[in-house]
Amino acid sequence: MHTDDYYMQRAIDLAARAHGHTSPNPMVGCVIVKEGRIVGEAFHTAAGQAHAEVAALADAGDVADATVYVSLEPCSHHGRTPPCAELLLKLKPARVVVAMEDPNPLVSGRGLQLLRNAGIQVEVGLLEEKARQLNEVFIKYITTGLPFVIAKCGMSLDGKIATHTGDSKWITGKESREQSHHLRQQVDAILVGSQTVRLDDPSLTTRLQGSAGGNPIRVILDGRERLRGEHKIFAQPREAPSWIVTTTSREYENADAVLNVCGEPGDVDLLELMQELGRREVTSVLIEGGGATLASAFAARIVDKVAFFIGPKIIGGHDAIGAVDGVGAASLSDATLLHGMQATNIGEDILIEAYVQNTR
Ligand code: AOF
Ligand code: ZN
């Protein structure tokens with residue numbers, strides 16, 4: 001006999017198997033238990049595909065005395081698929097245990113209410129923190145319409161992303177770089193400034209061994225219109241869409257989309273850009289620099305999480321670019337405050353992750 005915690009953990013683990021594949025939907029897992037045995041289980045594989053509960057119920061057969069564990073409240077609305085709560089009402093399991101309420105305003109408690117009204121025993125909040133962390137992207141996107149933004153960089157212990165002559169390859173080791181590809185695989189879009197494209201000419205694709213990792217959309221800020229057509233992001237055949245963001249009406253014949261986002265001339269309004277990306281169902285963005293782009297992102301308060309890789313080097317020099325450039329905070333009360341800061345050893349490097357307080 002296992003505990004409720006055990007089965008919910010299994011539902012969360014199942015959900016996580018689809019990491020990077022469910023956008024704009026959440027990751028959801030479901031486990032159905034009868035007389036101490038798992039009789040059905042499934043996870044949501046992609047938007048438009050069956051919800052976790054539907055697939056697990058199909059797997060289970062008769063669920064009259066069963067407990068259904070699901071990592072997100074069963075939905076009550078007609079989206080791309082019909083409401084899971086209605087299917088549960090029809091099949092009438094004895095008990096439904098849910099990790100967290102669905103933050104989708106179309107659901108938010110209505111699914112639970114439907115089940116309770118029908119006399120099904122409902123419990124909410126088991127392993128809720130884990131479930132919320134798993135779906136931090138979905139929670140942000142569905143409640144604000146803005147993508148969840150991760151600011152990433154690779155820097156020396158003294159916070160530099162290049163030497164004063166511009167040498168930057170490599171500050172962190174190959175394990176960190178591989179970890180960055182995992183991050184790319186999990187997001188809908190990567191954002192960089194045109195300076196990074198001009199200096200590094202990156203391809204910004206996901207390269208992971210043995211994985212058909214999805215390539216995120218490449219979003220390039222070109223407020224000052226410095227990009228020409230010769231860069232890898234414009235190469236054919238296209239490995240991923242390239243969207244260029246400008247403040248004027250310049251046309252880019254090689255771009256897959258041109259997003260005209262007003263701001264000061266030469267300065268893209270990043271909050272407006274996030275709103276536009278949200279409208280295009282981009283639920284997560286990985287900002288990969290450089291220093292000026294990260295500075296604008298923190299100043300615009302669009303960053304939710306940081307992932308800073310620190311290599312065991314000290315570069316020094318006041319002309320060496322820092323991870324976060326720009327003018328910076330005038331007083332500490334203007335600094336971007338973080339919480340939940342965590343360190344992980346990655347090869348010889350350390351990855352620091354933390355959440356930004358007072359994001360939008
Ligand atoms: C669940 N189980 O496996 C998922 C849920 O367009 P649809 O029909 O796929 O609905 C998407 C919404 O349904 C999504 O925003 C979220 O509120 C919920 N997703 N719900 O009970 C699932 N993927
Ligand atoms: Zn559903």
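Both ligands and their constituent atoms are indexed starting at 1 by order of listing. This one's a predicted model, so the numbers in the text were calculated from it and none came from an experiment.
- A donor-acceptor pair under 3.5 Å is absent between the side-chain atoms of Lys160 and the main chain of Ser168, judged by distance alone.
- Counting atoms of ligand 1 from 1 in the listed order, those under 4.0 Å from a heavy atom of His77 are 10 (O), 12 (C), 13 (O).
- The nearest protein atom to atom 23 (N) of ligand 1, hydrogens excluded, is given as His44 CD2, 3.2 Å; this is a heavy-atom distance.
- Although no hydrogens or angles enter the test, the distance criterion places a donor-acceptor pair under 3.5 Å between the side chain of Asp256 and the main chain of Ser242.
- The closest approach between any non-hydrogen atom of Glu73 and ligand 1 is below 4.0 Å.
- Under a 4.0 Å N-O distance rule, the pair Arg280/Glu276 qualifies as a salt bridge.
- Distances from ligand 1 to the non-hydrogen atoms of Phe138 include at least one value under 4.0 Å.
- For ligand 1, the polar-atom distance check finds no N/O of Val28 at less than 3.5 Å from any of the ligand's N/O atoms.
- Closest to atom 17 (O) of ligand 1 among all protein heavy atoms lies Asp102 OD2, 2.5 Å.
- Close to ligand 1: Pro26, with a non-hydrogen atom less than 4.0 angstrom away.
- Residues Val258 and Arg250 approach most closely at CG1-O, 4.1 Å, considering heavy atoms.
- Of all atoms in ligand 1, numbered sequentially from 1 with element shown, those under 4.0 Å from a heavy atom of Pro74 are 21 (O).
- Both the backbone and the side chain of Thr81 come within 4.0 Å of ligand 1, counting heavy atoms alone.
- Here the heavy atom of the protein found nearest to atom 15 (O) of ligand 1 is Asn104 ND2, 3.0 Å.
- Close N/O approach between Ala52 and ligand 1 is found [any backbone or side-chain N/O within under 3.5 Å].
- Nearest to atom 20 (N) of ligand 1 among the protein's heavy atoms is His51 ND1, 3.4 Å.
- Ranking the protein heavy atoms by distance from atom 11 (C) of ligand 1 puts Asn25 OD1, 3.3 Å first.
- Scanning the protein for heavy atoms near atom 21 (O) of ligand 1, the closest one is Glu53 OE2, 2.5 Å.
- Closest to atom 6 (O) of ligand 1 among all protein heavy atoms lies Arg80 N, 2.6 Å.
- The shell of residues lying under 4.0 angstrom from ligand 1, judged by heavy atoms, excludes Gln49.
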